[in-house]
Protein chains: 2
Amino acid sequence: MDLETLKLLADPLRAQIVALLARESLCVCHIVEETGAQQTNISNHLRALRRAGLVDTEPSGRYVYYRLRPHAIEALAAQLGELASTAARSSDQKRPCP
Amino acid sequence: MDLETLKLLADPLRAQIVALLARESLCVCHIVEETGAQQTNISNHLRALRRAGLVDTEPSGRYVYYRLRPHAIEALAAQLGELASTAARSSDQKRPCP
DNA sequence: CGCTGATGTCATCATGGGCTGTTACGTTAG
DNA sequence: CTAACGTAACAGCCCATGATGACATCAGCG
């Protein structure tokens, strides 16, 4: 299980950023407008997302466009789905206690 | 997006507990053995998981069996999958920056 | 039935890490 | 050169984690 990605997505602001980036590529100023958070704060979170490989950057003049990489999120969704199906399949398994 | 569930799964120990419970129902003492963590610590994490509706309890005499409820995890996996597919679909959308 | 040991929960507290804000610096358009 | 955009480094605050101790519950036994 990819705890790194999970931890990153668990923060409200980062989750909002990821949701915004899922719809379209945005530069930092757009994200600042949408979220109302401080720019440096957004930049910090974007750095974390970048280091984890969750987003891609594309400098365009003065601006930096951010794009979501679906790869990691897709893999995480698959892992969670498998976990859920495993649980549903072995719901009657019970290890004896004493 | 269910940040509550996400946050709960993002902790290493809780993730391990969930992974163990996905395979079979266990009582607390089993989880203590498998993880090597303190019992009260396990109990605290199980309480958090219980309050979020991620696990079910089934008292059996002196012991308490815990079972994973796949529902929330399944829903989360679906949401993440949809997010990833949305991102993959709109990868060329780009909002113009002034 | 009363006692004892084991299991599990709850309440409380200290510590560490993450989030946020401030400041400073690099970079690019005009 | 100036202003705007973005990043990086640093400090403060808060919350979650983990540990300790006390309490409730149940099986086993005399």
Side-chain angles (χ1 to χ4, degrees), chain A residues 1-21 25-68 94-98, chain B residues 1-21 25-68 94-98:
Chain A
M1 185 70 65
D2 190 354
L3 288 182
E4 177 84 12
T5 304
L6 220 41
K7 219 182 259 281
L8 287 173
L9 292 178
D11 181 73
L13 187 48
R14 275 196 298 264
Q16 193 180 356
I17 293 174
V18 168
L20 288 172
L21 289 179
S25 294
L26 298 170
C27 71
V28 181
C29 54
H30 289 142
I31 303 175
V32 169
E33 280 177 14
E34 297 276 355
T35 62
Q38 300 245 357
Q39 201 213 32
T40 59
N41 196 7
I42 297 293
S43 189
N44 278 330
H45 285 300
L46 284 173
R47 171 172 49 176
L49 294 173
R50 204 185 333 150
R51 283 182 178 164
L54 281 176
V55 299
D56 247 353
T57 68
E58 178 190 343
S60 164
R62 236 190 314 194
Y63 308 102
V64 177
Y65 274 94
Y66 280 82
R67 169 201 317 270
L68 189 63
K94 185 189 289 191
R95 187 190 299 192
C97 200
Chain B
M1 184 72 63
D2 190 355
L3 289 181
E4 178 82 14
T5 304
L6 218 44
K7 218 183 262 277
L8 287 173
L9 292 178
D11 181 75
L13 186 48
R14 276 197 298 264
Q16 193 180 356
I17 293 174
V18 168
L20 288 171
L21 289 178
S25 293
L26 297 170
C27 72
V28 181
C29 55
H30 289 141
I31 302 175
V32 169
E33 281 177 13
E34 297 276 355
T35 62
Q38 300 246 358
Q39 202 219 26
T40 59
N41 196 7
I42 296 292
S43 187
N44 280 330
H45 284 299
L46 284 173
R47 170 171 50 172
L49 293 173
R50 203 182 338 146
R51 284 182 177 165
L54 281 176
V55 299
D56 247 351
T57 67
E58 179 190 343
S60 165
R62 223 182 333 186
Y63 308 102
V64 177
Y65 274 93
Y66 280 82
R67 170 202 315 270
L68 189 62
K94 185 188 290 190
R95 188 190 298 193
C97 210

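Residue numbering restarts at 1 for every chain, and letters A, B, ... go by the order of the sequence lines. What you see below is based on every heavy atom in this structure, not just the backbone, and it leaves out hydrogens, waters and symmetry mates.
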Query raised in the report: Has A:S43 got a side-chain N or O lying under 4.0 Å from the OP1 or OP2 atom of D:dG6?
Result: no

Query raised in the report: Would you say A:R50 has more than 12 foreign heavy atoms packed within less than 6.0 Å of its CZ?
Result: yes

**Report entry** Spacing of A:K7 atom NZ relative to D:dC15 atom C1', expressed in whole Å
**Finding:** 13 Å

Query raised in the report: Where the side chain of B:R14 is concerned, which of D:dA19, C:dC19, D:dT17 is the nearest nucleotide?
Result: D:dT17

Query raised in the report: At what distance, to the nearest 0.5 angstrom, does CG of A:L9 lie from CD1 of A:I17?
Result: 11.0 Å

Query - Nucleotide C:dC19, atom P - distance to CG of A:L8 in whole Å - result: 8 Å

Query raised in the report: Where the side chain of B:Y65 meets the backbone of A:R95, is there a donor-acceptor pair that is under 3.5 Å apart?
Result: yes

Report summary line: Of the listed D:dA9, C:dG8, C:dA11, the closest approach to the A:R47 side chain comes from D:dA9

Requested in this report: Check whether any side-chain N or O of A:H30 sits under 3.5 Å from a backbone N or O of B:P96 as a donor-acceptor pair, and report yes or no.
Outcome: yes

Query raised in the report: With a 4.0 Å cut-off on heavy atoms, is A:D11 in touch with a base, just the backbone sugar-phosphate, or nothing at all?
Result: sugar-phosphate

Requested in this report: Go through C:dG8, C:dT22, D:dG6 for me and flag the one nearest to the B:V64 side chain.
Outcome: C:dG8

Report summary line: Looking only at D:dA8, C:dT28, C:dT9, the nucleotide nearest the A:R62 side chain is C:dT28

Requested in this report: Can you figure out which of D:dG6, C:dG5, C:dT9 approaches the side chain of A:C29 most closely?
Outcome: D:dG6

Requested in this report: Would you kindly compare B:R51 and A:L13 by the position of their nearest DNA chain C nucleotide and give the one closer to the 5′ end?
Outcome: B:R51

Query raised in the report: Which whole-number value in Å describes the distance from A:H30 NE2 to D:dG6 C1'?
Result: 14 Å

**Report entry** Residue B:Q39, side-chain heavy atoms: nucleotide from C:dT7, D:dG6, D:dT17 that is nearest
**Finding:** C:dT7

Query raised in the report: For the atom pair CG (B:N41) and OG1 (B:T35), what is the distance rounded to the nearest 0.5 Å?
Result: 8.5 Å

Query raised in the report: Mapping B:V32 and B:N44 to their closest nucleotides on DNA chain C, which lands nearer the 5' end?
Result: B:V32

Query raised in the report: Rounded to whole angstrom units, what separation is found between the CG atom of B:N41 and the P atom of C:dT15?
Result: 17 Å

Query raised in the report: Roughly how many Å is it from CD in B:Q38 to C1' in D:dG21, rounded to a whole number?
Result: 12 Å

Query - For atom CG of B:L46 and atom P of C:dG8, their distance in whole Å - result: 10 Å

Report task. Give the rounded distance in Å between these two atoms: CD1 of A:I17 and P of D:dG6. Result -> 13 Å

Requested in this report: Would you indicate what B:Y66 reaches in the nucleic acid, counting non-hydrogen atoms under 4.0 angstrom: base, sugar-phosphate, or nothing?
Outcome: sugar-phosphate

Query - Side-chain N,O (B:H45) to OP1/OP2 (D:dA16) below 4.0 Å - result: no

Query raised in the report: Atom CD of B:Q16 and atom P of D:dT17: how far apart are they, to the nearest Å?
Result: 15 Å

Query raised in the report: What distance separates A:L26 CG from B:K94 NZ, expressed to the nearest 0.5 Å?
Result: 11.0 Å

Query - Selection from D:dA9, D:dT7, D:dT20 that lies nearest to any side-chain heavy atom of A:R50 - result: D:dT7

